[in-house]
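Whatever order the structure lists ligands and atoms in, that order sets their numbers, starting from 1.
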Amino acid sequence: MALYPANKQAIAACADKLKQGDLVALPTETVYGLAGDATNGEAIAAIYATKARPQFNPLICHVADIAAARAIGRFNDTAEKLAAAFWPGPLTLVVPRQADCAIHPLASAGLDTIALRVPAHETAQKLLRAVARPLVAPSANPSSRLSPSNAAHVAAMLPDIDVLDGGACAIGLESSIIGCLDDTPLWLRAGGLARADIEACLETKLAEPPEEKATQARLAPGRLARHYAPQSGLRLNAEAALENELLIGFGTTTEPCFANLSAMGDLAEAAANLFFVLHSADKAAQQSGQSLAVMAIPMEGLGEAINDRLARAAA
Ligand code: TXA
Ligand code: MG
C-alpha cells in the first residue's frame with residue numbers, strides 16, 4: 001500500500017499491524033521478507049495466499065536472538081555451533097520443533113521440523129523486538145518470481161502490502177539453509193553464506209539431501225519448487241549477446257553489457273547486484289521484446305548460490 005522509511009514511528013506502527021494479524025514487508029540483509037505473526041494461523045494463511053505459494057512449502061521463522069530460537073526448536077551440537085558462529089546473519093537452521101512451541105503448524109507446512117533465522121539487519125531486529133513474537137517471512141515476491149532486494153521491487157510486485165524501506169539488501173541472496181536433524185548436517189539451500197565457511201566452522205563436509213522424492217518433500221521441500229524466474233527468457237554461460245539479447249556481464253569484458261554484476265569479478269558484489277540487475281534487465285527486455293543472457297559465474301564461494309538462482313531463473 002505504501003513505502004515507509006524505517007524510522008521509529010513506522011517500526012512501531014508496523015509492529016502493531018503485525019500483532020493484529022496483518023502482513024508487512026521488512027528489509028533483511030539477504031532479501032526483503034513478507035512478514036506475519038508466526039503464532040497466528042490466519043496471518044500465515046494470508047502469506048501463502050498473497051504469494052500464491054504452494055502449501056507444501058514451509059516458511060522461515062525469524063527471531064531476534066538464539067534464546068528465542070531455542071524456545072521454538074531443539075538445537076543439537078551442529079546447530080549450536082552454527083548459530084554461535086553466524087547469527088545474526090544470512091543462515092537458516094532447520095531443526096526439530098519443540099513439542100509445545102507456539103508457532104502455528106501451518107508455518108512448517110505440517111512438518112515436525114522448523115526453519116529458524118536471526119537476521120542481522122537493524123530494522124528487522126528492531127521490528128522483531130517491537131513485536132516481541134516470532135515472525136514468519138518468506139521472500140516478498142509472488143511465488144516463482146524474482147526475489148526483491150530493495151523496497152521498490154516489493155512495491156512493484158506486491159502493491160497491496162505496506163513496506164518498511166530499509167534500503168538495498170547488503171547481501172542480496174537468500175540465506176543459506178542447513179538441516180540440523182541428526183549427526184549429518186544437510187546443505188538444503190545455497191545462499192548468502194558460502195558452503196566453505198560453514199564447512200570450516202563445523203570441520204566437516206555438508207551432505208546433500210537424498211534425491212528420492214518423498215524424502216526430499218520432507219527434508220528439502222523448497223527444492224521441488226521452480227523459482228526466481230524473470231518474465232523474459234534467460235540464457236546461461238553466454239560469451240556475448242546474440243541478436244535480440246541483453247547481456248548481463250561478469251568480470252572484465254569488452255562485450256557491450258546491459259549491466260555488469262561485478263566488473264572486478266567480485267562474487268560478493270555480484271550477489272548483492274544479482275536480483276537488482278535481473279529485475280531491471282527483465283523490465284528492459286520486456287519493453288524491447290528481447291531476451292536475457294548472462295556470462296559464466298565461477299562456481300566458488302557465493303558463486304554456488306548465484307549459479308543456483310540463475311539456473312532456476314533460466315529453467
Ligand atoms: O534470506 C532468507 O532466507 C529470506 C529472508 C526474508 O529471511 N527468506 C526466504 O524465505 O528466502 P523463502 O520462503 O523464500 O524460502 C524459505 C525456504 C524454502 O525453500 C523452504 O522450503 C525452506 O526454506 N524451509 C522452510 N521450512 C523448512 C523446513 N522445516 N524444512 C526444510 N526446508 C524448509
Ligand atoms: Mg523465496
Side-chain angles (χ1 to χ4, degrees), residues 23-36 38 44 47-48 50-63 72-74 79 86-97 101 103 105-121 123-125 127-128 134-149 153-154 157-158 163-164 166 169-181 185-193 209 215-229 271 275 305 308-309 312-313:
L23 309 184
V24 166
L26 90 166
T28 83
E29 70 278 21
T30 57
V31 298
Y32 275 69
L34 178 62
I44 300 171
I47 292 180
Y48 279 99
T50 303
K51 283 181 61 85
R53 183 183 181 100
Q55 297 268 352
F56 65 79
N57 198 8
L59 309 175
I60 296 174
C61 187
H62 298 65
V63 289
I72 298 170
R74 289 206 306 278
F86 300 114
W87 277 356
L91 175 70
T92 293
L93 301 176
V94 174
V95 299
R97 283 172 67 112
C101 86
I103 307 304
L106 197 50
S108 25
L111 297 175
D112 53 10
T113 56
I114 182 97
L116 289 163
R117 170 159 122 79
V118 176
H121 195 291
T123 303
Q125 276 288 333
L127 187 66
L128 282 164
L135 295 176
V136 277
S139 52
N141 52 282
S143 207
S144 87
R145 296 275 302 278
L146 292 170
S147 295
S149 59
H153 293 156
V154 182
M157 292 189 290
L158 300 176
V163 189
L164 272 178
C169 301
I171 292 174
L173 288 172
E174 296 87 344
S175 57
S176 297
I177 306 183
I178 306 295
C180 306
L181 301 173
L186 292 177
W187 181 233
L188 297 181
R189 178 173 77 180
L193 184 64
T215 316
Q216 200 160 89
R218 184 167 50 82
L219 291 177
R223 292 204 173 196
L224 299 175
R226 180 189 128 117
H227 240 108
Y228 313 109
F275 288 126
D308 169 77
R309 304 304 186 270
R312 288 168 189 258

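For the residue pair Cys169 and Thr28, the shortest heavy atom distance occurs at SG-O, 3.4 Å. Between Ile171 and Pro90, the closest heavy-atom pair is CD1-CG, 3.5 Å.
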Evaluation steps, side-chain hydrogen bond (donor to acceptor under 3.5 Å, both in side chains), between Arg189 and Ser175: CA-CA 8 Å; Arg189 178 173 77 180; Ser175 57; 3.2 Å; yes

Exercise for the section: For Glu174 and Ser139, run side-chain hydrogen bond (donor to acceptor under 3.5 Å, both in side chains): C-alpha distance rounded to whole Å, both residues' side-chain angles, the deciding distance at 0.1 Å, then the answer. Expected result: CA-CA 8 Å; Glu174 296 87 344; Ser139 52; 4.7 Å; no

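Between the side chain of Gln55 and the backbone N or O of Ala109 there is no donor-acceptor pair closer than 3.5 Å. Between the Arg117 side chain and the Gly89 main chain, a donor and an acceptor come within less than 3.5 Å of each other.
Around atom 15 (O) of ligand 1, the closest heavy atom drawn from Gln216, Glu29, Arg189 belongs to Arg189. Residue Asn57 holds the heavy atom nearest to atom 20 (C) of ligand 1 of all those in Leu26, Thr30, Asn57, Ile177.
Close N/O approach between His62 and ligand 1 is found [any backbone or side-chain N/O within under 3.5 Å]. Checked against a 3.5 angstrom limit, the closest N/O atoms of Thr113 and ligand 1 fall inside it. Any N or O atom pair closer than 3.5 Å counts here, and Gly222 shares at least one such pair with ligand 1. In terms of polar-atom proximity, Ser108 is not counted as a contact of ligand 1, lacking any N or O under 3.5 Å from an N or O of the ligand. Checking only distances, Glu174 never comes within under 3.5 Å of ligand 1, N or O to N or O.
The atoms of ligand 1 that sit less than 4.0 Å from any heavy atom of Ser139 are 8 (N), 9 (C), 10 (O), 12 (P), 14 (O). Atom numbering of ligand 1 starts at 1 in the shown order; those under 4.0 Å from a heavy atom of Gly33 are 6 (C). Remark: ligand 1 atoms within the under-4.0 Å shell around heavy atoms of Ser175 are 1 (O), 2 (C), 3 (O).
Residue contact check for ligand 1: Pro221 places a non-hydrogen atom closer than 4.0 Å to it.
The distance from atom CG of Asn141 to atom CZ of Arg53, rounded to the nearest 0.5 Å, is 8.5 Å.
Residues passing the side chain to side chain contact (heavy atoms under 4.5 Å, CB included) test with Pro105: none are found, sequence neighbours excluded. The side chain to side chain contact (heavy atoms under 4.5 Å, CB included) test applied to Ala115 returns Ile60, Thr92, Val94, not counting sequence neighbours.
Heavy atoms of Ala137 found under 4.0 angstrom from ligand 1 belong exclusively to the backbone. Residue-level proximity to ligand 1 for Leu219 is carried by the backbone, the only part with a heavy atom below 4.0 angstrom.
With a cut-off of 2.8 Å, the Mg ion (ligand 2) has no N, O or S atom of Ser143 in range.
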